[in-house]
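All remarks here apply to the structure that follows.
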Amino acid sequence: MGEHDGRGNEKKHKESAAAEHVEELIRSSLPPAILEQLDLSTLEEEKGSFLGEELSEYFSDLLYTCQFKGALIRIALLFEHKSYVDHDLPFQIHLYTGGFWERCRKQKIERTPIIPIVIYHGEREWQPGLLSDCFKDLPSMIKPFIPDSEYIFVDLSSWKDEEIKDSLFVMVSMKFCMLIFKNVFHPDTFRENIKEYFELASSLFEDEDGLKIIKNAIEYIFKTTDLQPEYVAETIGSVSQKGKELAMTTAERLISEGIMMGRNEGVELGMYNEKFQTIMNLQKYNMKPEEIADITNLTPEKVKEILAAGDKGLDLLIGDNATKH
């Protein structure tokens, strides 16, 4: 067998394995009544992202076609970027499905029903509801004019780590990413288990696509935690030397781009910015400072100070180590 044939077979094997893992996720998420009529043997990935620039801030997406009772449908896996409750989610789902159908029209692609599966990794348990639920005191006679879009909502905050490892996701990369997402905002748990997460993903270090996943995870860790780059690199290095080198080069790049303030500080500007935006967004929904403090891992007093400071609250957050230890 030639080198080209070998690589081709390897690629087919990877694609086949990935399809099996996505099938497992879909089986774990969809209602039995839908699964009974769904022919998962026809599951096929539709290449490319269909989010558009407006929604890429909120989601990463994977889109699949599948046969349902002999008709073509699509299943969208939407991985939320944000770690906090975002009450605009039903509206974002509406934009996603409407935007995709509009692209189908423009590209003369067959329009099909879409089943969105949203994977959320915030700290609070949450049931976001439908678009019509976003309107206060909505009269029943007006509700039919609101285009509710049903979707499957997978809330990782209610799962135990063992459920992710052993029963729900078979794919190593998905297990790894979900564990990172679920625990990254729990500093003590994350620091204690980060080595275990990368040990779980040890097979990814030997694969080019796997290394991309590792690189994205490392960058995400640097952007959302205050872990020292040296600590992250040494921890990953106990699993893989490639991982250690990747961690250091990623840290150096982020520092050179001005995203990280420096190794010695070990503080990521993006982390504070996201936390500040979280505080301001939660205030819009009339949440009490005590509730916001519980979500953002700050003291209620510090939340009150930040809210009172308005636009200067971010400087206050960066300039003061207000995190509860």
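On a predicted model such as this, the values are computed, not experimentally measured, just so you know. Below, each value reflects all heavy atoms present in this structure, side chains not excepted, and no hydrogens, waters or symmetry copies.
- Applying the side-chain hydrogen bond (donor to acceptor under 3.5 Å, both in side chains) test to pairs two or more places apart or on separate chains, those with a residue in residues 137-150 are Ser132-Asp148.
- Between Ile152 and Val118, every side-chain heavy-atom pair lies at or beyond the 4.5 Å cut-off.
- Taking all atoms of both residues into account, the shortest heavy-atom contact from Ser240 to Phe205 is OG-CD2, 3.4 Å.
- In this structure, Leu138 CG and Phe145 CZ are separated by 11.0 Å, a value rounded to the nearest 0.5 Å.
- Checked by atom type and distance alone, the side chain of Thr97 pairs as donor or acceptor with a backbone atom of Ile93 at under 3.5 Å.
- By the 4.5 Å heavy-atom criterion applied to side chains, Asn193 and Phe198 are not counted as neighbours.
- Residues satisfying the side chain to side chain contact (heavy atoms under 4.5 Å, CB included) test with Glu234, not counting sequence neighbours, are Lys244.
- In terms of hydrophobic clustering, with Ile, Leu, Val, Met, Phe, Trp and Tyr side chains grouped at heavy-atom distances under 4.5 Å, Leu72 and Leu43 are assigned to different clusters.
- Closest non-hydrogen pair, Cys177 versus Ile213, comes out as SG-CG2, 3.8 Å.
- Two rings, from Phe176 and Tyr197, have their centers 6.0 Å or more apart.
- Put simply, the side chain of Ile180 reaches to within 4.5 Å of the side chain of Ile221, judged on heavy atoms.
- Closest approach of Ile214 and Ala201 over heavy atoms only: CD1-CB, 4.1 Å.
- Residues Thr225 and Val184 form a side-chain contact, since some pair of their non-hydrogen atoms from C-beta on lies under 4.5 Å apart.
- Shown here are the salt bridge (Lys or Arg N to Asp or Glu O under 4.0 Å) partners of Arg27, two or more places apart in sequence or in another chain: Glu23.
- By the 6.0 Å contact criterion, CD on Gln241 is enclosed, its count of non-hydrogen atoms from other residues, nucleotides or ligands being greater than 12.
- In this structure, the side chains of Ile142 and Phe135 stay at 4.5 Å or more apart for every pair of heavy atoms.
- Checked against ring-ring contact (aromatic ring centres under 6.0 Å, His included), Tyr96 has no partners two or more places apart in sequence or in another chain.
- The existence of a salt bridge linking Lys302 and Glu305 is confirmed by a sub-4.0 Å separation between a basic side-chain nitrogen and an acidic carboxylate oxygen.
- Listed here is the closest heavy atom pair of Leu35 and Ile26: CD2-O, 4.2 Å.
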Under 3.5 Å donor-acceptor pairs involving side-chain atoms of residues 109-116, not counting sequence neighbours:
from	atom 1	to	atom 2	distance (Å)
Arg111	NE	Trp101	O	3.3
Thr112	OG1	Arg74	NH1	2.8

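- With sequence neighbours excluded, the residues that form a side chain to side chain contact (heavy atoms under 4.5 Å, CB included) with Asp133 are Leu130.
- Residues meeting the side chain to side chain contact (heavy atoms under 4.5 Å, CB included) test with Lys195, sequence neighbours left out: Glu199, Thr235, Ser238, Val239.
- Shown here are the side-chain hydrogen bond (donor to acceptor under 3.5 Å, both in side chains) partners of Glu102, two or more places apart in sequence or in another chain: Arg105.
- Remark: Glu192 pairs with no residue by the side chain to side chain contact (heavy atoms under 4.5 Å, CB included) rule, at least two apart or across chains.
- Evaluation of the ring-ring contact (aromatic ring centres under 6.0 Å, His included) rule for Phe68 yields no partner, not counting sequence neighbours.
- Across all non-hydrogen atoms, the minimal contact from Tyr151 to Gly129 is OH-O, 2.5 Å.
- Residues Leu63 and Glu45 have side chains not in contact (no heavy-atom distance under 4.5 Å, counting atoms from C-beta outward).
- Other residues, nucleotides and ligands contribute only 12 or fewer heavy atoms inside 6.0 Å of the NZ atom of Lys215.
- Rounding to the nearest 0.5 Å places SG of Cys66 at 6.0 Å from CD1 of Ile73.
- For the atom pair CG of Leu298 and CD1 of Ile292, the computed distance is 10.0 Å after rounding to the nearest 0.5 Å.
- Side-chain atoms of Phe153 and Ile119, non-hydrogen and from C-beta on, never get closer than 4.5 Å to each other.
- By the 30° and 60° cut-offs, the orientation of the rings of Phe91 relative to His94 is tilted.
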For the pair Leu200 and Leu179, evaluate side chain to side chain contact (heavy atoms under 4.5 Å, CB included) and give the outcome as yes or no after the intermediate values. CA-CA 10 Å; Leu200 176 68; Leu179 287 168; 3.5 Å; yes
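- Atom CG of residue Leu95 and atom CD of residue Gln92 lie 7.5 Å apart, to the nearest 0.5 angstrom.
- Atom CD of Glu46 is separated from atom OH of Tyr64 by 11.5 Å, given to the nearest 0.5 angstrom.
- Within the 4.5 Å cutoff, the side chain of Leu30 has heavy atoms near those of the Leu38 side chain.
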Could you go through Phe222 and Leu227, starting from their C-alpha distance and side-chain angles, then the distance that decides it, and tell me whether this counts as side chain to side chain contact (heavy atoms under 4.5 Å, CB included)? CA-CA 7 Å; Phe222 285 148; Leu227 291 177; 6.0 Å; no
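- Considering only residues two or more places apart in sequence or on other chains, Asn216 meets the side-chain hydrogen bond (donor to acceptor under 3.5 Å, both in side chains) condition with none of them.
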Kindly indicate, with the supporting measurements, whether the criterion side chain to side chain contact (heavy atoms under 4.5 Å, CB included) is fulfilled by Val154 and Tyr120. CA-CA 6 Å; Val154 180; Tyr120 162 74; over 6 Å; no
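- Taking CD of Glu44 as the reference point, atom CD of Gln67 lies at 10.5 Å (rounded to 0.5 Å).
- Between the side chain of Thr249 and the main chain of Leu246, a donor-acceptor pair closer than 3.5 Å is present.
- Scanning both residues, Pro90 and Cys134, for their nearest heavy atoms gives CG-SG, 3.9 Å.
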